[in-house]
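In what follows, a structure is listed as structure tokens, so that the remarks can point back to it.
Chain A is the first sequence line, chain B the second, and so forth, proteins listed ahead of strands; every chain is numbered from 1.
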2 protein chains.
Amino acid sequence: MSTSSRAPAPAEPSGDQLAEGAAGEPPSGERPLRADARRNRERVIEAATEAFAVEGLAVAMDDIARRAGVGVGTIYRQFPTKETLYVAIIRRGLDQVTARARALAAAEDPGSAFFDFLRELLETVAAKRELVEALASAGTDLKSMAPATEAEWHEAVGALVERAQQAGAVRPDVQVPQVLALLGGTCGAVMHAHLEGDARAQLAAVVCDGLRCPPAT
Amino acid sequence: MSTSSRAPAPAEPSGDQLAEGAAGEPPSGERPLRADARRNRERVIEAATEAFAVEGLAVAMDDIARRAGVGVGTIYRQFPTKETLYVAIIRRGLDQVTARARALAAAEDPGSAFFDFLRELLETVAAKRELVEALASAGTDLKSMAPATEAEWHEAVGALVERAQQAGAVRPDVQVPQVLALLGGTCGAVMHAHLEGDARAQLAAVVCDGLRCPPAT
DNA sequence: TGACAAACGGAACGACAGTTCCGTATGGTG
DNA sequence: CACCATACGGAACTGTCGTTCCGTTTGTCA
């Protein structure tokens with residue numbers, strides 16, 4: 001050993017590059033990225049999304065590159081690590097549902113807004129089951145890889161839940177963290193059990209009923 | 001996925017080792033295993049359980065061997081594959097909860113039997129969070145790796161649920177598969193969100209209420 | 001107690017897959 | 001239309017692991 005240790009060092013977590021520069025959509029705050037680069041970035045994300053869905057998280061970077069019609073080097077210029085690549089994809093997806101949550105938070109009926117959100121989320125996840133399953137298996141800690149995305153998600157759901165509680169549509173004794181956990185768990189249930197159509201709706205109904213205010217008592 | 005068990009010269013699978021001999025508890029139907037072998041088998045399972053919990057599913061077999069105080073070869077004599085090793089551990093755990101379900105199925109009050117089971121399950125899973133999380137990340141298809149174990153689990157829970165429904169303690173419109181899914185999802189929620197103590201109980205309450213018959217209406 | 005099958009240990013083997021490197025191509029600009 | 005920073009491709013490099021092999025040790029049985 002000793003000697004030239006110029007090895008693929010495990011990509012140390014070193015501090016703040018994770019904070020924002022590692023894997024946002026485009027390089028939000030930086031110099032504007034050449035045209036071909038931007039095009040390729042998009043292609044890579046697209047290809048990776050499909051590859052992860054079809055082959056699982058374990059697809060080789062070479063495969064992703066081939067699907068995208070680029071060289072591996074091109075991927076690594078935008079995503080310094082395989083992890084940053086799938087975190088970027090996770091972000092994208094999470095941002096979408098967060099946006100939906102925010103939109104619903106402005107609805108007139110806070111109660112149905114929340115429950116609709118839950119049902120929609122289940123549908124969305126079921127529709128992309130393979131991909132979500134793959135990404136979930138990463139075991140990535142979003143809180144450290146994409147703090148902002150994570151925070152916004154929590155915040156958006158929190159708002160939805162609290163409004164629903166104030167309107168008396170959701171029992172007041174549940175905390176937002178529990179709801180978040182339940183959302184995740186229910187998504188997991190739908191995916192792993194391959195619940196389709198009615199079965200899925202039924203499960204949603206059970207969870208919704210549990211969350212709803214106990215009518216009397 | 002993972003673990004591409006690709007041998008240089010695959011030769012022949014020589015028999016359906018998956019079917020039954022691969023990873024049961026002791027070699028249930030075969031010749032009686034020498035004393036040291038039985039001892040080592042136990043040590044290996046013990047060590048692997050701890051290793052998976054502490055280091056995750058990705059621990060090297062060499063690590064497990066070291067922890068167990070044996071050579072890798074010894075592991076491979078009992079568990080032809082890494083996968084068969086953790087499937088054995090999964091089986092063991094699942095058999096335990098199945099046994100508990102069966103015990104509760106004989107209780108006087110079918111309703112509280114079922115709900116107690118759910119709560120207990122959540123406690124158990126929370127107590128072994130690290131291990132369960134690791135094993136869950138395997139993405140192993142139990143139905144094909146341990147059909148009997150899987151079937152018995154379904155059957156035991158099914159019985160519990162159906163009795164509770166007949167007693168009017170669980171809403172009659174949910175199917176057993178949904179309950180199984182919900183059980184799994186709730187465990188996942190508790191683990192991923194690190195819900196502790198009260199938060200866990202609260203979540204359990206929500207799920208139980210959802211499953212309970214809507215009092216009136 | 002002697003003999004033999006069963007079991008052991010652990011070095012060695014192979015293969016895979018993430019990451020790096022560098023010569024070449026190209027978009028953008030003055 | 002040059003010029004060059006930026007980007008590209010993809011072969012090559014490496015560390016890591018699962019798995020195998022085989023000489024040695026040990027339990028068991030007559």
Measure the distance from [atom1] on [X] to [atom2] on [N] and round it to the nearest whole Å.
X: B:R43; N: C:dG9; atom1: CZ; atom2: C1'; answer: 13 Å
X: B:M61; N: C:dG9; atom1: CE; atom2: C1'; answer: 14 Å
X: A:D62; N: C:dT20; atom1: CG; atom2: P; answer: 14 Å
X: B:I75; N: D:dC17; atom1: CD1; atom2: C1'; answer: 13 Å
X: B:I64; N: D:dT16; atom1: CD1; atom2: C1'; answer: 15 Å
X: B:Y76; N: C:dA6; atom1: OH; atom2: P; answer: 23 Å
X: A:E83; N: C:dT19; atom1: CD; atom2: C1'; answer: 15 Å
X: A:Q78; N: C:dT19; atom1: CD; atom2: P; answer: 16 Å

Is the closest side-chain heavy-atom distance between [X] and [Y] below 4.5 Å?
X: B:Q178; Y: A:V206; answer: no
X: A:I89; Y: A:R92; answer: no
X: B:M145; Y: B:R91; answer: no
X: B:V44; Y: B:Q78; answer: no

Considering only side-chain heavy atoms of [X], which listed nucleotide, [options], is closest?
X: B:A37; options: C:dA7, D:dT19, C:dT20; answer: C:dA7
X: A:A60; options: C:dA17, D:dT19, D:dG10; answer: C:dA17
X: B:T74; options: C:dG9, D:dC8, C:dT20; answer: C:dG9

Taking CG in B:D198 as the centre, count heavy atoms belonging to other residues, nucleotides or ligands within less than 6.0 Å. Is the count above 12?
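Result for CG/B:D198: open.
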Can you find a side chain N or O atom of A:N40 that sits less than 4.0 Å from OP1 or OP2 on D:dA7?
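The answer is no; no side-chain N or O of A:N40 sits under 4.0 Å from OP1 or OP2.
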Under 4.0 Å between a side-chain N or O of A:T81 and OP1 or OP2 of C:dG18?
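Checking A:T81 against C:dG18: no side-chain N or O falls below 4.0 Å of OP1 or OP2.
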Ring geometry between B:F117 and B:W153 (parallel below 30°, tilted from 30 to 60°, perpendicular above 60°)
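Geometry flag for B:F117 against B:W153: tilted rings.
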Any N/O pairs under 3.5 Å between the protein and nucleotides 22-28 of chain C? List them or say none.
unit_1: C:dT26; atom_1: O2; unit_2: A:R34; atom_2: NH1; d: 3.3

Salt bridge A:E123-A:R200, side-chain N to carboxylate O under 4.0 Å:
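Salt bridge between A:E123 and A:R200, a charged N being under 4.0 Å from a carboxylate O: yes.
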